[in-house]
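Following: one structure in C-alpha cells, then a few remarks.
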Amino acid sequence: MRREYKTITEVAGPLLLVEKVKGVKYGEVVTVEMPSGELRHAKVLDAQSDRALLQVFEGSWGLDVRGTKISFQEKAQTLDVSRDILGGVFNGVGEVMGDAPRIIPDQKLDINGRPINPYARDYPSEFIQTGISAIDGLNALVRGQKLPIFSGSGLPHAELAAQIARQARVLGDEAANFAVVFGAMGITFEEANYFITSFEKAGALERTVLYLNLANDPVIERISTPRVALTAAEYLAFHLGMHVLVILTDMTNYCEALREVSAARREIPGRRGYPGYMYTDLASIYERAGRIKGKPGSITLIPILTMPEDDKTHPIPDLTGYITEGQVILGRALHHKGIYPPIDVLPSLSRLKDKGIGEGKTREDHADTMNQLYAAYARGKEAAELAGILGESALSETDRIMAKFAQEFEARYIHQGVDCNRSIEETLNIGWELLALLPREELKRVHDEYIDKYLPASAS
Amino acid sequence: MTNGEIIRVAGPLVVARGMQGIKMYDVVLVGHERLVGEIVEVRGDRVFIQVYEETTGLGPGEPVESTGMPLSVELAPGLVGGFYDGIQRPLNRLYDASGDRISRGISLRAVDVDRKWDFTPLVEVGRQVSAGDILGVVEETALVKHRIMVPPGISGKLLRIEQGSFTVEETIAEVETADGIKQLSMLQKWPVRKIRPYREKLNPQIPLVTGQRVIDTLFPVTKGGMACIPGPFGSGKTVVQHQLAKWADADIIVYIGCGERGNEMTDVLLSFPELKDPKSGLPLMERTILIANTSDMPVAAREASVYTGITIAEYFRDMGYDVALMADSTSRWAEALREMSGRLEEMPGEEGYPAYLGSRIAEFYERAGRVVCLGTNPDGSAREGTITAIGAVSPPGGDLSEPVTQNTLRVVKVFWGLDANLAYRRHFPAINWLQSYSLYLGVIDEYLQEQGMGEFSQHRREVMALLQAESELQEIVQLVGVDALSTRDRLKLEVARLIREDFLHQNAFDEVDTYTSLTKQALMIKMILLFYREAQTALENGVKLEEILGAKVLERMARAKFIPETNLDAFAQIEAEIVQTFAGGEEVA
C-alpha cells in the first residue's frame with residue numbers, strides 16, 4: 001500500500017518537512033506530485049515517528065506547500081540495468097532521455113551499493129597501457145585502481161581523460177570485454193559533447209554508457225549521478241565480467257551539491273563549509289572501484305576534479321587524495337609552455353604502480369628508471385630554479401647537466417600529442433635516451449646490470 | 001532484556017524510547033534486521049544509539065533490544081592471523097556467510113568456537129591462583145605461544161586443571177573462589193572501552209628495532225612507547241606503517257586499518273603470509289592480527305575499531321609479550337567521533353570536533369606502555385609486557401596545526417613528520433629529519449651504552465649536526481651560490497648528501513634494503529663518518545675537493561645499503577678502501 005500525504009509544513013532550499021506521516025524508512029525514495037501534475041523525486045534524510053525530512057532532487061523551485069502530494073515508495077533509490085544500457089545516454093538519475101526506449105531491467109539495483117568486504121578484494125596488479133608516457137612510465141595505472149585527475153579550470157583534463165579512455169589497453173589482452181561508463185556532474189553541454197564525439201570517433205560509443213547531469217540540470221540530482229554510474233559499472237563488471245573504466249567529471253560540482261544540502265540542514269560545517277562527513281561520503285563513491293576475488297571483471301575509476309584556484313589543499317582534492325590510490329596533477333606552468341599532457345609529475349603519484357610494473361608485466365628496468373627519472377627531474381627543477389635566481393654560473397657542473405635534463409625531459413618525455421599513443425617500450429626507451437644525458441655515476445638508483453643492458457652506447 | 005521502539009533514524013544515529021534499565025555503552029540490536037548498535041546518550045526516556053551498520057530502510061516503530069552488555073571483544077586462541085572488522089566480526093567468515101559485500105545483521109563469533117586446541121597445563125591443582133596467573137599454554141601458531149591466564153576478577157584455589165584438546169568454550173580449570181566454584185575456559189570477554197588491569201606501569205627502556213634506518217638511528221621509539229606519523233596524502237604514511245608492521249621486533253602486531261583504503265588491507269592480507277620474520281624465518285602473518293574498517297564501511301564501527309584493537313593488544317601484553325599496535329589513520333577515527341558528535345547536536349570545539357577529542361586521544365595512547373602484568377608465571381615470577389602504539393595522522397591539507405595532530409603531539413613522545421617535498425623527490429621514507437623528534441633518545445643511549453654500542457649514539461649526534469649544518473648552508477647557497485662557500489663547507493654539504501641518499505633513503509620494495517639491522521645501521525653510519533674525517537684531513541693536506549668527490553670508493557659506499565645482512569664483513573673492506581684512498585695523498589681519483 002502506498003501512503004500519500006499532503007502535509008508539507010516547511011520548505012527550505014532543497015529540503016521538505018512533512019508531518020503526520022507514519023512508517024517512514026530512512027533512505028526511502030519519495031515522489032512529490034505538484035498540483036500541476038509534475039513529478040519530482042526525493043529521499044528521506046531523517047525519519048521520525050510522525051515527521052520526515054526529505055531532500056528533493058529536482059529542487060524546491062515552484063513548490064506549493066498546500067497542493068503538493070507526497071507518496072512514499074517503500075524502497076531505496078534503484079537503477080534499472082541490463083546489457084542494453086551499453087550505448088545508452090541517460091540523465092543524472094539513470095532515466096532514459098528523450099524518446100529513447102525504456103530499459104527492460106534485468107535487475108533493479110540499489111544505487112548506494114554495499115561496502116566490499118576487504119577480504120573479498122583482489123589486489124589490482126594488471127598494468128594498463130594508456131599510451132601516455134607520464135602515466136605509463138612514471139605513474140602506472142592498473143586495473144581496478146582509482147586514480148583521479150586533479151586539474152584546474154582551463155586545463156585540458158577532458159582531453160586527457162578522453163585520450164585515456166580511447167587508448168587504454170592491457171598488454172596481451174584482447175580489448176573486446178572493455179566498457180566505459182561516463183558520469184557527468186554539472187559540466188557544460190560542450191564539455192559533455194567533447195567526450196561523446198571523442199568516443200564516437202574511436203568507435204567506442206556502443207561500449208559506452210553515459211549518465212549526464214549537465215550544468216542546467218537540477219543540482220541535487222548530482223548527488224545521485226556518481227552512484228548511478230558506479231551501480232551500472234558494478235553490474236557490467238561483476239555480473240557481466242567486463243573491464244569497466246569509469247570517468248566521473250566534475251567531482252567539484254558534486255561536492256558543492258553536497259555542501260548545499262548540508263547547509264540547508266543547518267549541519268555544523270567542516271572546512272570551508274563542506275560537511276564533516278564529506279570524507280566518508282566520497283569514500284562511499286571511490287571505494288566502489290576495484291577487483292573482486294573470483295570474478296573476472298574490474299572497475300577502474302578516473303574521477304576528474306578542478307581544484308579551486310589550483311589549490312591542492314582545498315578540501316575536495318585533499319579528501320580525494322586521502323581516499324584514492326594516487327593522483328595525476330595537471331600543472332598550469334607546463335600548459336603555458338605548450339606541453340601536452342601538462343602532467344606535473346613530481347606531485348603526481350600512482351600508489352599501485354609497484355605491483356603493476358617490472359619483469360613479466362612491463363620490463364625489468366621499469367622501476368629503477370622510474371625512480372631515477374624522478375630523482376633527476378626533481379634535482380634538475382631545483383637547479384633550474386636556483387639558476388633563475390642566481391644565474392646559470394652559480395650552478396655546479398652536475399647541476400647544470402641536471403637543469404638541462406629537466407628541460408629535455410619535459411619536452412621529450414612528458415610532451416606528446418593528443419593522438420600520440422606510445423607503447424610502454426617506446427616510453428622506457430625515451431627514458432633511457434634521457435638518462436644518457438647524465439653522468440653514469442649519477443645513476444645511483446639503477447642496478448648496474450640494467451645500465452649495461454639498456455643505456456644507449458653513445459652515452460658512455 | 002528490555003525492548004524499546006525506534007522513534008527516529010538519521011544516518012548512523014538512531015533514537016529509541018521505552019528502554020528500561022539500560023546503561024550507557026550497552027550494546028543493542030536495532031530493528032527487524034537486528035543491526036548492532038551502542039548506546040551513546042540517554043536523555044530521560046530517550047536513548048541515542050550509534051549503529052555500526054548501514055541504516056537505510058530502517059524506520060520508526062521497529063523494535064530495539066538490549067543485550068545488557070557493553071561492546072566487548074572475545075579473547076582466546078584463534079585471534080592470531082585473524083582479520084576482523086571494527087566490532088571484531090571475522091571478515092573471512094563474513095565472506096563465506098554473505099559473499100563479497102558486507103551484509104547487515106549478521107552476527108558471527110570472533111574466534112572459531114568449534115576448533116580444538118592442545119592445552120598444556122603449567123600449574124598444579126591445589127595452588128592459589130589469582131587474576132593474570134598463567135594456567136597453561138596453547139601453541140597457537142609457530143610464532144605465538146598463547147598463554148592461558150586466569151581472567152580478571154577471579155582468585156582462589158585451583159581445584160581441577162585439564163590437559164588435552166579443547167575448544168575455547170570448554171572448561172579447562174575450576175577455581176574455588178569466595179563466591180563459589182568458577183569454571184574457566186580459554187575464552188575471556190572484555191569490554192573494549194575499559195582498560196585491562198595491570199599491576200604497575202614502568203618507564204620504557206628498550207628500543208623497538210624496526211629495521212628502518214631513519215627511525216632506528218635518528219628517531220627511535222621504545223618498546224612501550226608511543227609515536228605518531230602525520231603527513232599529507234602521498235607522503236607514504238601507510239608504507240611506513242606497513243614497514244613497521246613487517247619488521248618491528250615485537251612478538252605480536254595489531255594492525256588497525258581505520259577508515260582507509262580497502263586495497264591497502266588486501267595488500268597486507270596477501271603480502272604478510274609471504275613475508276618471513278627476519279629472526280625465525282616464519283611467515284609474519286603468524287604474529288599479526290588485522291582489524292579493518294575501510295572507508296566505505298559504516299562510520300560508527302570506525303570509532304570502535306581502535307578500541308577493539310587496543311584491547312586485543314592489552315590481552316597479549318598481559319601474557320608478557322611485546323606488542324606493537326599501528327593505527328592507520330587516527331584522523332579517520334577522530335572524524336567518526338566528529339560525525340557522531342554532530343548528529344548528537346553536541347556543542348562543537350575546534351573545527352567541528354567534539355570538545356572531548358583531546359581527552360579521547362590521550363586516553364587511547366595512554367593504554368600503551370610498559371607494565372608489570374597482573375598475576376605470576378607458573379614459577380611464581382612476575383612478567384613484563386609492553387604495547388607500543390604508533391598512530392598515523394592525516395592532517396587536512398598537510399596542515400599540522402589542525403586539532404587531531406596537535407592533540408596527538410601533546411601525548412606522544414616520538415614524532416615522525418612526513419614531508420611532501422621529500423616525497424616528490426622520491427626520498428622515502430619521507431620523514432623530515434629537521435622536524436621530527438624522539439624523546440626516548442636518553443633512555444636509548446643508556447641502552448646502547450650497556451650493549452657496547454655507545455659509539456653509535458655519538459655517531460647519531462654527529463649525523464644530526466651535519467644535517468642541521470646542511471640546512472643552514474643550503475640557505476646561504478640559495479642566496480649567493482655554492483661558490484661562496486669554503487671547501488670545508490662544501491665537503492660538509494656533500495657528506496650530508498651522502499647521509500641523505502645513501503643512508504636515510506631506504507627502498508621498502510627492495511629485498512635487501514627493506515630491512516636493516518641495528519648492527520648494519522651502525523656500520524653504515526661509521527663508514528660515512530670515516531669518509532668524512534679522512535676527507536677533511538685530506539682537504540687540510542691540500543687535496544682538491546673535486547678529487548675527493550671523484551673518489552671511486554663513493555660508488556661502493558652508495559651501494560652499501562644492498563649488502564646482505566649475512567655479509568657484513570664487506571664493511572671492513574670498504575673502510576679499508578676509504579683509508580687506502582686517502583693514504584695515497586695526491587692520487588685520490
Side-chain angles (χ1 to χ4, degrees), chain A residues 23-28 45-49 76 112 114-124 267-271 276-277 279-280 283-284 287-288 290 292-293 295 313-315 318-319 321-323 325-327 346-347 349 352 354 367 371 374-375 378-379 386 389-390 394 396 441 444, chain B residues 7-11 54-61 83 91-92 94-95 98-103 233-234 257 259 261-263 265-267 269-270 292 294-299 332 335 338-339 342 348 351-352 394 396-399 420 424-426 477-478 480-483 501 509 555 558:
Chain A
V24 182
K25 306 285 183 201
Y26 175 72
E28 186 176 7
L45 290 185
D46 192 342
Q48 303 189 22
S49 302
N112 293 308
R114 276 190 295 153
I116 302 176
N117 184 335
Y119 185 78
R121 283 185 189 266
D122 208 355
Y123 201 73
E267 290 172 333
I268 298 163
R271 284 173 69 218
Y277 50 79
Y279 175 84
T280 305
S284 72
E287 278 289 322
R288 290 171 78 172
I292 287 182
K293 255 191 234 174
K295 296 202 173 169
T313 67
H314 184 280
D318 189 52
L319 295 178
Y322 274 121
I323 305 163
E325 284 137 354
Q327 65 279 336
L346 294 181
L349 169 74
L352 303 183
D354 297 293
N371 290 332
Y374 255 117
R379 194 161 161 206
L386 198 59
I389 306 169
L390 300 167
S396 70
E441 63 269 21
K444 282 187 182 180
Chain B
I7 55 171
R8 181 179 178 197
V9 184
E54 172 59 43
T55 53
T56 301
L58 200 66
F83 186 40
L91 286 165
N92 49 350
L94 204 60
Y95 174 70
S98 77
D100 48 53
R101 306 280 159 164
I102 291 179
S103 296
F233 65 82
R261 303 174 184 91
N263 279 332
M265 294 315 294
T266 311
D267 183 23
L269 210 56
L270 295 177
T294 56
S295 56
D296 56 338
M297 284 156 80
V299 66
R332 305 302 164 222
E335 280 166 15
R338 173 167 71 181
E339 189 169 339
E351 288 194 22
S394 319
D399 170 16
Y424 294 163
R425 274 186 271 157
R426 294 304 184 261
V477 173
Q478 297 281 330
V480 290
V482 76
D483 291 335
E501 293 180 4
F509 302 100
E555 207 171 314

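Per chain, numbering begins at 1; letters A, B, ... match sequence-line order. Everything quoted here is computed from the prediction, not taken from an experiment. Hydrogens, waters and symmetry mates play no part in the numbers below; they use all other heavy atoms, side chains included.
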- Could you look at B/Glu339 and say if it's the side chain, the backbone, both or neither that has a heavy atom under 4.5 Å from chain A? side chain

- Shortest non-hydrogen contact between A/Ala283 and B/Asp296, atoms and distance: O-CB, 4.1 Å

- Task: Using non-hydrogen atoms and a 4.5 Å limit, figure out which bit of A/Glu325 sits close to chain B: side chain, backbone, both or neither.
- Result: both

- Message: Measuring from atom OG1 of B/Thr294 to atom CG of A/Asn117, what distance do you get when rounded to the nearest 0.5 angstrom?
- Response: 8.5 Å

- Item | For the student: nearest non-hydrogen atoms of A/Leu349 and B/Arg426, plus distance | CD1-NH2, 4.0 Å

- Query: Is it true that a side-chain atom of A/Tyr277 and a backbone atom of B/Val299 form a donor plus acceptor pair closer than 3.5 Å?
  - Reply: no

- Item | Greatest number of heavy atom pairs closer than 4.5 Å to chain A - which of B/Ala292, B/Pro60, B/Ser103, B/Gly234 | B/Pro60

- Note on the structure: Highest number of heavy-atom pairs under 4.5 Å with chain B among A/Gly270, A/Pro347, A/Gly23, A/Gly276 belongs to A/Pro347

- Message: Working to the nearest 0.5 angstrom, can you tell me the gap between A/Tyr279 OH and B/Arg338 CZ?
- Response: 12.0 Å

- Would you give the length of the straight line joining atom CG of B/Leu58 to atom OH of A/Tyr26, rounded to the nearest 0.5 angstrom? 10.5 Å

- Item | Contact check, side chains of B/Leu269 and A/Tyr119, non-hydrogen atoms, under 4.5 Å | yes

- Considering only heavy atoms and a distance below 4.5 Å, find which of B/Thr55, B/Asp483, B/Val480, B/Thr266 pairs most often with chain A. B/Thr266

- Item | Pairs of heavy atoms under 4.5 Å with chain A: top-ranked of B/Pro298, B/Gly11, B/Ser98 | B/Gly11

- Message: Does any part of the side chain of A/Arg114, heavy atoms only, come nearer than 4.5 Å to the side chain of B/Ile102, both counted from C-beta?
- Response: no

- Query: Got a donor-acceptor contact below 3.5 angstrom from the A/Asp318 side chain to the B/Gly397 backbone?
  - Reply: yes

- Query: CG of B/Asn263 to CZ of A/Arg121: how many Å apart, nearest 0.5 Å?
  - Reply: 5.0 Å

- Task: Measure from the side-chain N and O atoms of B/Arg101 to the backbone N and O of A/Ile116, and report whether any donor-acceptor pair falls under 3.5 Å.
- Result: no

- For each of A/Asn112, A/Leu45, A/Thr280, tally heavy-atom pairs with chain B at distances under 4.5 Å, and name the one with the top tally. A/Thr280

- Among the options A/Ala76, A/Pro269, A/Pro124, pick out the one with the most heavy-atom pairs lying under 4.5 Å from chain B. A/Pro124

- Item | Side-chain donor or acceptor of A/Glu287 paired with backbone N/O of B/Gly262 under 3.5 Å | yes

- Heaviest contributor of heavy-atom pairs below 4.5 Å to chain B, chosen from A/Glu441, A/Arg379, A/Arg271, is A/Arg271

- Note on the structure: Highest number of heavy-atom pairs under 4.5 Å with chain B among A/Gln327, A/Glu28, A/His314 belongs to A/Gln327

- Rounded to the nearest 0.5 Å, how far apart are CG of A/Leu319 and CD of B/Glu335? 7.0 Å

- Message: So for A/Ile292, is it side chain, backbone, both, or neither that comes closer than 4.5 Å to the heavy atoms of chain B?
- Response: side chain

- Item | Top contributor to chain A interface from B/Pro396, B/Gly342, B/Gly59 [non-hydrogen pairs under 4.5 Å] | B/Pro396

- Task: Could you check if a side-chain atom of A/Pro118 sits within less than 4.5 angstrom of a side-chain atom of B/Met297, using non-hydrogen atoms only?
- Result: yes

- Task: Answer yes or no: is there a side-chain heavy-atom contact under 4.5 Å between B/Asp100 and A/Lys295?
- Result: yes

- With a 4.5 angstrom heavy-atom cut-off, which part of A/Arg288 approaches chain B: side chain, backbone, both or neither? neither

- Item | Best-contacting candidate, B/Glu351, B/Glu54, B/Glu555, B/Arg332, against chain A by heavy atom pairs under 4.5 angstrom | B/Arg332

- Tell me, for B/Tyr95 versus chain A, whether the close heavy atoms (under 4.5 Å) come from the side chain, the backbone, both or neither. both

- Query: If you count heavy-atom pairs under 4.5 Å between each of B/Ala420, B/Gly99, B/Gly57, B/Gly398 and chain A, which one has the most?
  - Reply: B/Gly57

- Message: So, taking the atom named OG1 in A/Thr313 and the one named CG in B/Asp399, what distance separates them when rounded to the nearest 0.5 Å?
- Response: 8.5 Å

- With sequence neighbours excluded, residues passing side-chain contact (heavy atoms from CB on, under 4.5 Å) with A/Asp46: A/Gln48, A/Leu53, A/Arg265, B/Arg8, B/Ala10

- Message: I need the residue from A/Ala120, A/Gly27, A/Gly321, A/Ala378 with the largest number of non-hydrogen atom pairs under 4.5 Å to chain B.
- Response: A/Gly321

- Which heavy-atom pair separates B/Tyr424 from A/Leu346 by the least distance, and what is that distance? CD2-O, 3.5 Å

